[in-house]
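Note sheet for the following structure.
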Amino acid sequence: MVENNDILTVQNLSRHFGGVKALDNLNVNIYKNNIHGIIGPNGAGKTTFFNVVTGILEPTRGEIYFRNKRIDNLNVEEIAKMGISRTFQKGSIVEDMNVVNNVKAAMYLYNDINPIKDFFLRHFSISKREKDMREKALESLKFVGLEGYSNRWADDLMWVERQLLQLARAIVVNPNLIMLDEPASGMDSKETEWVKDIIKKINRRGITVIVISHDVNLVMDLCDRITAINFGTKLSEGKPGEIKNDPDLLEAYLGE
Amino acid sequence: MEFFIAQVLNGLSLGSIYVLLVTGFNLMLLVAKIIQFAYPQFVVISMYATWAVLRATNNVILAILVTIVVSIFLNLLSEPIFRRITSIKGTDINATFVASIGLSMVLVEIMSHSLNQGFPISFSDNWVGGSVFRYGIINISRSSIFAWVGGIIVVVAFFYLLYRTMVGRLFRAIAENRHVAKLFGIPIFKTSIMSYLIAGLLGGFIALLLSMLIGTASPWLGESVALKVLAVSIVAGLGNLKGGLFVGLALGVVESVAIGYVAGSWSNVIAFVIMLIVILAKPKGLFGAAVE
Amino acid sequence: AQDEVAVDTWEIHFLNSVTGPIASIGEYMSWSANYAAAKINEEGGIRGKPVEIVIHDTGVQPDKGIEEMSKIVDDVLVVMGPVPEAVIMAAVPLAVRNGLFCMTSSTSYEYTVEYFPWTLSWYPPTEEKLPPVTELWAEENPEMEKVVQFVEKWAAWPGMAGAHTIGLNNKNVKVIDVEVPKDAVEFSSLVVKALAEDPDGFVLTCNPDKAGKIIKELVNRGWEEKDNILVFSSADDTALYTTGGDALNGISIYNYIDPDSENERWLNFKQEYKEDHDGKNPGSLATNYYDSVYMIKEAIEEGKLTGDPAKLAEERIKIRDYCRNVENFKGIQITWSMNEGLPTSKPIFLFEIIDGEKQLIGKSR
Amino acid sequence: MNNNGTTFLKMNNVNVFYDSIQALKNISLEVAKSEFVVLIGANGAGKSTLLKSILNIQAPKGSINFKGKELTKLHTDEIVANGISIIPEGHLIFNSMSVLENLQLGTYHGKKKEQSIENIFGYFPILRERKEQTAGTLSGGEQQMLSIGRGLLSDPELILVDEPSLGLAPKIVNDIFDILVKLNNVGYTILLSEQNAKKSLEIADRAYVLETGNIVMEGQADDLLNDEEIKDAYLGGSI
Amino acid sequence: MSSTLMYFLGFSMTYILMAWSIYLPYRVKHLHFLAVATMAVTSYMGGILSVNFGWSFLPTLLLSIVIGALISYLISHTIGNAPTFTVVIVGITFVFIIKTAIENTDYLGGTIGLFGIPVLDHPLIILFAFLLVIGYFLYRIDHSRIGRAASVIFTDENLAKSMGIKPKQIGMLFQTISGGIAGSAGVFYAFFVGSLFPDFFTFHLIGTLMTILFIGGYTTMWGVIPAALILRGVPMILPSSIASWRLLIYGVLLVAIIATKPKGLITKKMLWELLKKRSGS
Ligand SMILES: Nc1ncnc2c1ncn2[C@@H]1O[C@H](COP(=O)(O)OP(=O)(O)OP(=O)(O)O)[C@@H](O)[C@H]1O
Ligand SMILES: Nc1ncnc2c1ncn2[C@@H]1O[C@H](COP(=O)(O)OP(=O)(O)OP(=O)(O)O)[C@@H](O)[C@H]1O
Ligand SMILES: [Mg+2]
Ligand SMILES: [Mg+2]
């Protein structure tokens with residue numbers, strides 16, 4: 001049992017796919033209320049790291065603690081329930097729904113009660129609770145700058161809008177930890193700035209953020225600490241200033 | 001013991017019917033990503049063609065040619081329908097399933113109204129061929145041997161075609177994602193036509209083998225096996241050619257042996273319960289699905 | 001005047017199964033009805049007006065039967081059909097509730113008795129009529145001690161199989177049933193199962209094309225005593241002859257049609273039927289709807305019915321009462337009478353198939 | 001402009017619609033043989049649409065001429081066979097096929113076949129290691145490499161490249177830009193669409209700037225790099 | 001009311017009910033043909049209870065809902081989150097089992113069928129009222145967090161899980177409700193038609209229900225309503241002279257609709273746009 005100030009502690013984490021060691025004895029500590037960057041070349045294992053932490057993939061070996069509770073043996077839903085929310089690299093949204101319902105869908109655990117009870121009880125509190133959820137959803141859409149979009153059908157959204165929608169969905173549940181997989185990919189510099197601001201705002205709410213990005217500027221500007229990984233293991237870790245000068249990293253990642 | 005062996009051999013004959021049909025069915029999944037529930041009907045209509053030519057001319061070569069041409073023609077006729085369905089964004093593979101149910105209905109109606117006044121057809125004994133080996137109640141017919149050999153050849157040949165040749169890759173590429181295939185510069189229309197053409201060729205071949213193996217055909221023949229063909233494909237793993245071979249034969253054997261020991265109508269139940277257990281243990285099919 | 005005909009044509013509606021697994025039987029039943037109508041029209045129609053058969057297809061689906069019945073139940077004078085049993089069970093109650101008489105003739109007594117007097121039966125009860133035939137067959141082949149009966153569990157067939165067994169048991173012949181699955185396409189395992197019982201003969205109570213294939217398989221596996229194979233009546237269909245082919249030579253089959261009837265109507269009927277059906281003989285149920293149409297004609301003429309919608313209920317009853325107690329009705333083959341919906345005397349004939357033609361070997365009552 | 005007289009690619013008054021939305025408005029653009037041209041513009045400006053219209057994936061109205069042939073009348077596969085290939089946005093590959101099979105499909109229109117697959121492995125060694133892996137399970141970046149590799153295999157004369165840097169680590173981005181320059185040097189003509197304006201202007205010969213479906217500026221890359229307006233709008237804070 | 005109209009409406013409503021029991025689990029990609037087997041069970045149960053034990057309609061209905069739901073609930077433990085085609089095989093297996101069991105049970109009428117079930121006096125009113133109740137129930141599900149969760153599962157199961165949604169739980173819930181609806185549909189069928197036949201509850205019915213679902217549109221519960229009306233209505237207006245070509249016409253219609261609108265006649269987006277326009281203007 002680990003007792004410390006980390007929100008997330010990862011010890012000796014490995015995940016293999018056949019011969020491919022996507023994660024190999026990875027050790028990472030994420031501090032509370034930090035914005036933590038994960039960088040690394042393509043195929044380094046960053047997305048796999050997210051998948052294992054959130055329970056989508058089972059680790060081959062290793063331990064994961066979230067707020068000092070062991071979670072590597074829990075399944076995805078239980079982990080989500082503990083207050084970890086995330087976005088996906090491939091822009092997963094529900095296309096057959098409008099935007100605001102996409103956000104409401106993410107509030108599945110909001111005011112969690114047994115679904116059957118929920119169904120019957122809802123008859124007496126329909127309007128209030130639904131209104132409540134809608135308000136929250138609209139608020140978080142506004143938060144990411146999609147206020148005009150609530151009534152659009154989701155399959156009409158462009159890539160950037162999808163990315164923002166994912167963000168809105170991730171924050172609406174008031175998580176303790178948000179994991180963002182390339183939140184600014186495919187965005188131009190203005191939009192990237194916008195995403196940066198959103199992430200900072202999220203962090204100011206007291207939510208810890210882990211962000212994967214290839215945009216070095218974004219990571220350096222934004223993050224309190226950064227972990228660079230390569231071949232599934234940690235290459236270096238530290239404050240942006242420190243990591244900037246790490247020769248290994250420069251070689252592997254920036255090619256300089 | 002003799003009884004058991006006889007039933008196993010019978011089962012292998014029955015199983016080769018399933019193998020042949022499931023190979024055609026899987027081919028459609030692999031080359032076009034459709035659930036082609038009407039494929040057995042195409043085969044049956046082609047059998048009618050064989051019969052008609054044999055009856056009119058007694059010319060074997062001509063019968064074979066016409067059968068294959070009819071089968072190709074039918075498959076090509078269905079191509080625009082399925083191409084249309086699959087090219088619309090966000091459609092479900094189940095939509096092709098439903099469309100092919102509709103197609104199957106149309107074909108059965110045409111057969112039952114227009115071909116031989118709805119009566120079954122029957123192939124002459126010298127086409128069907130007698131037995132090559134008999135010992136007590138054990139019997140192996142010439143047509144079973146044709147079907148076993150044909151079944152294996154078909155599976156191997158199509159496996160090779162699909163996984164080892166450029167044409168096969170093109171087929172699978174289009175089946176997986178038309179949009180990307182277009183970006184790759186793959187001639188969608190030409191390739192799609194070609195894949196249905198090959199499926200038609202296979203269908204003709206199957207029709208010839210079945211005409212020998214079953215010796216008769218009726219408008220209902222396709223319907224009575226279509227569900228099992230679907231089940232075999234699912235249990236083997238959708239689109240898995242090798243799996244189809246083994247599970248098809250296994251189903252035939254299970255049914256035959258089951259018929260040997262329980263009342264006929266329960267043999268279906270036994271076969272399906274076994275398949276049910278298998279699929280629950282291995283939800284992606286015994287041999288793994290080749291199509292998502 | 002009061003009983004002037006109020007219609008331009010007499011439409012006789014026929015709920016038939018012209019698609020689906022028994023479509024080929026449905027076809028010749030439709031053919032017979034249309035043939036009868038054509039004859040009647042040649043002879044001047046019914047009360048001077050032509051008659052027209054309107055076919056409704058129900059397949060073998062009960063719900064389709066109800067739906068088709070619901071379309072006509074408010075308006076028509078009488079209805080022929082429905083067929084087969086499942087559709088009868090589903091659709092006849094609707095007709096009964098609305099006071100409409102159904103001539104559901106393809107089937108046996110068991111399915112119509114429930115609805116007497118709103119329907120009639122063309123044959124006496126199965127358990128009365130079939131055992132004597134199998135007894136006759138057993139007498140013809142006295143060496144048989146044990147037979148295997150292939151039974152397909154569909155509609156009336158299990159009941160008929162039971163009746164066959166009663167007859168054979170009466171003659172001390174043991175019967176072992178082998179069930180034929182409805183969706184079977186290949187019969188070697190069934191035949192092996194049957195042969196493993198080491199029987200002296202076979203009874204086939206199943207779909208005609210399956211019966212043909214089973215016989216072929218038996219012959220392929222070396223069965224030689226052909227007259228020890230008996231095929232039941234409903235299988236006397238083109239399908240049997242198609243799939244059985246030469247293998248049928250020598251087997252026994254029973255049927256309700258008198259091959260030796262010298263009735264001119266029958267001879268014409270048979271000839272025209274053959275012309276339209278590639279030279280095949282009419283099947284065992286072919287005559288019923290010919291007779292139905294004529295019986296309706298007689299009922300209309302005797303009762304001076306008008307077809308006037310205003311008198312519908314009353315005229316429906318008149319048809320019903322005429323048909324169910326008709327006396328000395330001149331059928332296409334024989335003349336017979338009905339008593340409360342049941343025929344009083346109708347024989348069954350036992351044949352041997354020789355060169356694809358039936359040769360009479362006996363007759364039972 | 002290193003225009004050697006013959007037109008290579010010439011778009012004249014091209015309009016493209018998505019149903020009722022007009023995504024490109026009266027686009028006229030020229031690319032000479034062996035030229036490296038870049039399209040820059042914000043998200044949704046129409047860069048991808050422009051590239052797609054050349055391949056007739058999104059049907060264009062107007063005229064697009066390639067080496068004397070009118071492309072608007074040809075099907076996509078014929079256009080590819082004529083020597084244009086696209087490396088699409090968002091690593092579009094066949095997810096259920098292996099890496100090798102994806103590459104083999106790329107050689108469909110090409111002539112050199114296996115030999116050039118070896119070349120691709122030379123550019124992207126990781127792909128060799130992942131040769132038998134199902135392409136859908138590659139990491140995002142690996143998929144993009146695969147996509148580029150595959151695009152080169154059809155032996156194109158003109159390569160349309162749509163945002164190759166999307167989702168790639170800086171090192172790989174550099175590598176890819178190097179590869180593009182190399183390809184250009186050996187004679188391939190390149191039309192690149194890119195968000196990363198600075199980097200692409202640095203390596204390109206010429207550039208077009210797109211804004212809401214219009215070409216608002218064109219010129220030598222160096223000139224644009226120093227243009228104040230461009231600096232403001234596209235080179236922004238980013239290095 | 002003419003008999004034609006009455007039976008048209010009655011059948012349409014019964015089929016809508018049946019199609020809904022297939023629709024709901026399809027919200028999470030389950031083609032739950034077990035519902036068809038369930039209908040067979042409860043319709044026969046209803047028939048036996050009323051013919052042999054004199055039960056009246058209402059208690060039979062209630063019991064059937066419970067039994068139907070129970071069957072599906074028990075089996076949903078194994079297939080609550082199974083892939084589409086696994087669920088298909090399970091359904092088909094049970095269809096075969098139930099059909100074979102009925103055919104071999106003389107008490108249930110065997111292959112001949114069970115008949116003489118007292119039909120309802122006012123079937124349309126009762127059916128309509130029941131449809132309203134079920135319709136409201138489904139509408140509530142669709143517009144609740146469970147409905148939204150289902151849409152997420154349909155799109156991407158991993159996405160759903162990472163939102164805390166338990167696909168298996170939702171799958172089980174939907175399958176159970178589907179079983180309940182199927183249970184009621186069986187009883188309605190029995191008490192509307194008055195006779196039962198084992199062959200009815202087989203692939204033919206599966207095909208019909210799939211057709212209704214896909215022609216109508218599987219993304220919304222409303223699709224099955226026009227689809228059932230069309231499929232029952234077209235043969236009604238066809239003249240008898242082409243009656244024997246009915247199935248052909250039906251098949252052509254099916255192919256034509258799927259080929260032009262593979263998501264069905266009515267989609268969620270379409271309804272939503274319609275509503276938006278109305279409320280917008
Ligand atoms: N399901 C899988 N099967 C086999 N290999 C896998 C699977 N998923 C990931 N991999 C491999 O694991 C490695 C790590 O992949 P991952 O997606 O985590 O990389 P990443 O760091 O997110 O890269 P990128 O920045 O390109 O997205 C890759 O080499 C990938 O090919
Ligand atoms: N499939 C589509 N349906 C409708 N409109 C579309 C579609 N694709 C693009 N558009 C519209 O066309 C315009 C141009 O889009 P395009 O994808 O060409 O932009 P882009 O410059 O490539 O942007 P990005 O940097 O995001 O790739 C956009 O405004 C978009 O709204
Ligand atoms: Mg990644
Ligand atoms: Mg773009």
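All chains are named by letter (A, B, ...) in the order of the sequence lines, taking the proteins before the strands, and each is independently numbered beginning at 1. What's counted below: heavy atoms across the whole structure, side chains too, no hydrogens, waters or symmetry copies.
Proximity of a side-chain donor or acceptor of C:E179 to a complementary backbone N or O of B:S265 within less than 3.5 Å is detected.
Using a 4.5 Å cut-off between heavy atoms, B:S131 does not touch chain C at all. No part of C:N207 comes within reach of chain B, as not one of its non-hydrogen atoms sits under 4.5 angstrom from that chain. Neither the backbone nor the side chain of B:L227 comes within less than 4.5 Å of any heavy atom in chain C. There is no contact between B:E255 and chain C, counting heavy-atom distances below 4.5 Å. With a threshold of 4.5 angstrom between heavy atoms, B:V262 approaches chain C through N, CA, C or O but not through any side-chain atom.
When each of C:K153, C:K280, C:E27, C:K213 is checked for heavy-atom pairs under 4.5 Å with chain B, C:K213 comes out on top. Taking chain B as the reference chain and counting heavy-atom pairs below 4.5 Å, the highest number among C:D237, C:T238, C:L190, C:N220 is found for C:T238. Ranked by heavy-atom pairs shorter than 4.5 Å toward chain B, the options C:D209, C:V180, C:V191 are led by C:D209.
A pairwise comparison of heavy atoms in B:S122 and C:T242 identifies CB-O, 3.0 Å as the closest pair.
Residues C:D183 and B:N268 have side chains that bring a donor and an acceptor to within less than 3.5 angstrom of each other.
Within a 6.0 Å sphere centred on CD of C:E143, heavy atoms belonging to other residues, nucleotides or ligands number more than 12.
Residues B:L9 and C:S188 are not in side-chain contact: their nearest non-hydrogen atoms beyond the backbone lie 4.5 Å or more apart.
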